[in-house]
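Written out below as structure tokens is the structure these notes cover.
Numbered from 1 within each chain, the chains take letters A, B, ... in sequence-line order.
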There are 2 protein chains.
Amino acid sequence: MSWGVDNLPYGVFSRGGEAPRVGVRYGDSVLDLAAALHDEVFAAPSLNPFMARGRAAWSDTRRLVQTKLTEDLSVTEQHLVPLDQVRLHLPFEVADYVDFYCSLDHASNVGKIFRPNSEPLPANWLHLPIGYHGRAGTVVVSGTPVRRPQGQLRAGEFGPCQKLDIEAELGFVVGVPSRHGFPAGPLEEHVFGVTLLNDWSARDIQAWEYVPLGPFLGKSFATSISPWVTPLEALPRIPGRAQDPEPLDYLRRHGDWGLDIQVEVWLNGELVSRPPYSSMYWTPDQMLAHMTVNGASLRTGDLFASGTISGPEREQRGSLIELTWNGTDPIKLADGQTRAFLQDGDTVTLRATAAGLTLGEVSGTVV
Amino acid sequence: MSWGVDNLPYGVFSRGGEAPRVGVRYGDSVLDLAAALHDEVFAAPSLNPFMARGRAAWSDTRRLVQTKLTEDLSVTEQHLVPLDQVRLHLPFEVADYVDFYCSLDHASNVGKIFRPNSEPLPANWLHLPIGYHGRAGTVVVSGTPVRRPQGQLRAGEFGPCQKLDIEAELGFVVGVPSRHGFPAGPLEEHVFGVTLLNDWSARDIQAWEYVPLGPFLGKSFATSISPWVTPLEALPRIPGRAQDPEPLDYLRRHGDWGLDIQVEVWLNGELVSRPPYSSMYWTPDQMLAHMTVNGASLRTGDLFASGTISGPEREQRGSLIELTWNGTDPIKLADGQTRAFLQDGDTVTLRATAAGLTLGEVSGTVV
């Protein structure tokens, strides 16, 4: 089954008027971990206290849950709560949120669209994983409605965003802090797991504001994540893409952190794109090394995202601005409608699988 | 006296092995508020719970403390702890940190230095207060040593930052949250107070990384703030600078939020600049309106900063890159030394007064 003992993502759920607590998804149920494992860390309303325990605890807990769900299932099943009886919450308290720009195909496409008279790739793109800080306070859980933002669309013009877009991304969730003033250690010592992420984007607001200090209001209105955080340990790993030029020492790869994840973008129930995570240029270990090489510290709950996942083919593009080439080539939907950018009432859902493993989906409706 | 009952900034202190708690500075002492006011909100290790109570509570508490320190001083003085017996901590938990770019003189100077072949001001500068998100997790309290960051200085070159700089800024601290999806209310309903802020900057790292997504590692290694948060209510207000073009409706000023604050930049005990806050172009009410016009919500502990404060004169510039024109015209210090950028062991201290009122200083030494 797609939510079996090889998967077991973590989330935060509540039932009726009860306080939110940590659970693990198994089949169509949530395992109440505080009850099943008699550990108060899981009675917290977020994953943060558990994530702070570190890698050995993550592995031990995973093995323990696997055992409980196989050998002791007759005892454990009393702690399984059907999904349709629970509400799912934001799974962790977001500390700092950083968004990267790691897809060569996405960066090339955006460069061609936004800067048609320059080289598509910025001069630094092949030398470092470009990133910037986003707004942690507006990261919301899947299912939260997304209000169309208003703002300055160009000089002297104000109104509702006319180019509301999505970005299909993977987010990496930090469990173990690092020391301020020093680079962090290896990815697997710090990062607890991954979550699908939709980085909603107001392209008109963004285009007018982003020079010279980067995206701000074009992004800060909302970022949606899946209610389920898949443990890093569960993910199948593959080699990353070849890199030329050779990265500097601090960005050198010491293991295979390419991820074999197939993402799907669904618009109003219709599959419109299939971005392959395997096509990403910069790998998550490189993002982490870069983010902390200057001594910036990590905290439990830090979230860093890959940037839009786009593959080389048109049907692999992870944003509407690429799929419709800034609205000039709208998507045709099955019911005869077209979309350049999102309309009110549109629902976007990101789904993903990793070699048979299902990731938690992230969905949002524009209101 | 400069720390009298018209001032009364808030901070977090500890004595010996005791837990940190909230205090108010009075003269050369800290008033232990939990003890003096019998209110457990001040036994917290941060200002956040008190700040969340809102404007009426802020005013009531301020009046109560003023009364205790005048009419009831004989009773209250038992709760005054000499400053030399306490340790001062980060006064609040930083939620999101946003840095603006509100000085016309600073933006013009930086434009001339970084983009000598273009118009100094970006096309959007006079239309909106440009801002970006910084790293909340590396905001540190005055006195914390600042490790010189390392990073990519240009293509293929890695090493310690050679152009370590400061930015003299004022930070605004949010007490009252706003609703996600809607613009925030007036400044005085949300912002509790101000703190001096030094936005340490690695100019070489920043110059190489900042196109197209803005500053990242050039800023994220450290941001220092004063241990004292001066209540907004205590600050003298003046009209803001004239603005042309007329701002859009959502940025229209409804009151006087210019601030008559005189900042001083001290390098190794020598006064090197006197940036006047009165010269800022965008006012804090405009920053707040802009930051939330897209529906981005505020949380208790959000910090937004003005950007470098620079006046029109050379001796009013709030960063070394401006004072030394990117190192080409070094500062001459009294002992015969010169500085283009900061050397290891250098101590930078920002001080400020507002019409006789002293703000808490922020200091840091490069290690």
Pick from Pro215(B), Gly295(B), Gly151(B) with the largest number of heavy-atom pairs that fall under 4.5 Å of chain A: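 The answer is Pro215(B).
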Winner by heavy-atom pair count (cut-off under 4.5 Å) against chain A, out of Gly214(B), Cys161(B), Ala222(B):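 Ranked by heavy-atom pairs under 4.5 Å with chain A, first place is Gly214(B).
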Side chain, backbone, both or neither: which part of [X] has a heavy atom under 4.5 Å from chain B?
| X | value |
| --- | --- |
| Leu298(A) | both |
| Asn124(A) | both |
| Tyr250(A) | side chain |
| Phe182(A) | side chain |

Measure [X] against the heavy atoms of chain A and call it side chain, backbone, both or neither at under 4.5 Å.
| X | result |
| --- | --- |
| Val110(B) | neither |
| Pro183(B) | side chain |
| Asp249(B) | neither |
| Arg154(B) | neither |

Considering residues, nucleotides and ligands other than [X], do more than 12 of their heavy atoms fall under 6.0 Å from its [atom1]?
| X | atom1 | result |
| --- | --- | --- |
| Glu119(A) | CD | no |
| Arg179(A) | CZ | no |
| Glu93(B) | CD | no |
| Arg87(A) | CZ | no |
| Glu157(A) | CD | yes |

Residue, of [options], that accumulates the most heavy atom pairs under 4.5 Å with chain B:
| options | result |
| --- | --- |
| Pro247(A), Ala95(A), Gly156(A) | Gly156(A) |
| Pro149(A), Ala155(A), Gly131(A), Gly181(A) | Gly131(A) |
| Ile205(A), Val211(A), Leu128(A), Ile130(A) | Leu128(A) |

Within residues 135-148 of chain A, residues adjacent to chain B where the heavy-atom gap is under 4.5 Å: Arg135(A), Ala136(A), Gly137(A), Thr138(A), Val140(A), Arg147(A)
Shortest non-hydrogen separation from His133(A) to Ser220(B) and the atoms involved: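 Between these two residues, the closest heavy atoms are CE1-CB, 3.8 Å.
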Shortest non-hydrogen contact between Ala123(A) and Trp208(B), atoms and distance: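 Taking Ala123(A) first and Trp208(B) second, the nearest heavy atoms are O-CH2, 3.6 Å.
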Side-chain touch Leu213(A)/Pro122(B), heavy atoms, less than 4.5 angstrom: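 In short, these two side chains do not touch, never coming nearer than 4.5 Å.
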Close side-chain approach of Tyr101(A) and Pro212(B), heavy atoms under 4.5 Å: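 They are in side-chain contact.
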Gap separating the CG atom of Leu217(A) from the OG1 atom of Thr292(B), nearest 0.5 angstrom: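 The CG atom of Leu217(A) sits 8.5 Å away from the OG1 atom of Thr292(B).
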Gap separating the CD atom of Gln152(A) from the CG atom of Leu248(B), nearest 0.5 angstrom: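 Those atoms lie 5.0 Å apart.
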Aromatic plane relationship, His290(B) with Phe216(A) - under 30° parallel, 30 to 60° tilted, over 60° perpendicular: tilted
Check: Asn294(A) side chain, Gly218(B) main-chain N or O, donor-acceptor pair, under 3.5 Å: no
Tyr132(A) and Tyr132(B) aromatic centres sub-6.0 Å: no
